[in-house]
Amino acid sequence: RRKEVKSVGVAALLFLVVVSLRAQQARTAKDGVFTDAQAARGKAIFNMRCALCHGERLEGAAGPPLAGQEFLGPRDSQPLAGIFEKINATMPADAPGTLEPQQVADVVAFILQANQFPAGRTELAPTAAPLKQITITAANPPARVTAASSTPSFPATGTVNQVMRGILFPSSNVLLTCRREIRAPG
């Protein structure tokens with residue numbers, strides 16, 4: 001009898017460990033973290049409160065784009081909570097902080113849908129804490145710049161008068177000549 005209790009206890013402990021580890025696994029926006037209904041609500045809110053600055057197709061207008069590589073690239077591997085918190089605290093630009101947390105979550109769901117992330121069966125939470133566990137993944141993340149990489153420089157050449165004319169009168173079509181020396185390897 002004691003052996004049975006011990007083996008049940010070990011099995012229960014093992015089960016809890018497996019469930020705990022599974023819960024701690026990182027989720028990404030590709031895991032279906034919002035519902036279609038939530039994204040539809042978000043689209044309605046976006047059209048009323050956001051489209052004027054960010055464009056009807058999220059392409060950017062007075063505000064930055066919210067779709068495409070220009071939006072996703074810098075946010076690769078970042079928690080979804082960052083987008084939620086920024087919208088919650090600073091948007092819409094004409095009335096910051098006036099969206100309810102559920103409205104913010106709905107708008108974030110719409111932004112994810114517009115960026116081709118799949119919908120799932122559960123809605124995004126209207127708080128930042130659970131969203132810290134979900135990361136954004138860009139299709140083509142930006143290349144990481146390293147200190148060792150050498151970037152060619154193209155020094156501007158010309159007289160001071162030509163440079164000043166180009167700065168003060170940019171429409172005068174003053175072209176500065178850029179030279180690049182190409183050296184043979186070795």
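Considering CD1 of Ile83 and CG of Leu131, their distance stands at 9.5 Å, rounded to 0.5 Å.
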Evaluate the criterion side chain to side chain contact (heavy atoms under 4.5 Å, CB included) for residue pair Glu123 and Arg41; output intermediate values, then yes/no.
-> CA-CA 11 Å; Glu123 291 196 350; Arg41 291 192 311 264; 3.0 Å; yes

Going through the distances and angles, do Gln78 and Thr135 end up as a side chain to side chain contact (heavy atoms under 4.5 Å, CB included)?
-> CA-CA 5 Å; Gln78 298 297 313; Thr135 57; over 6 Å; no

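Side-chain atoms of Thr127 and Pro101, non-hydrogen and from C-beta on, never get closer than 4.5 Å to each other. Residues Ile111 and Ile87 form a side-chain contact, since some pair of their non-hydrogen atoms from C-beta on lies under 4.5 Å apart. With a 4.5 Å cut-off on side-chain heavy atoms, Ser77 and Thr137 do not count as touching. Two residues are said to be in side-chain contact when any heavy atoms from C-beta on lie closer than 4.5 Å; Phe117 and Phe34 meet this criterion.
With sequence neighbours left out, Arg49 forms a salt bridge (charged side-chain N to carboxylate O under 4.0 Å, His left out) with no residue at all.
Closest of all the heavy-atom pairs between Gln69 and Pro74 is O-CD, 4.0 Å. Considering every non-hydrogen atom in both Val33 and Thr28, the closest pair reads CG1-O, 3.6 Å. Of all heavy-atom pairs spanning Asp36 and Ala119, the tightest one is OD1-CB, 3.2 Å.
Checked for salt-bridge contact, Arg75 and Glu70 miss the test: no charged N lies under 4.0 Å from a carboxylate O.
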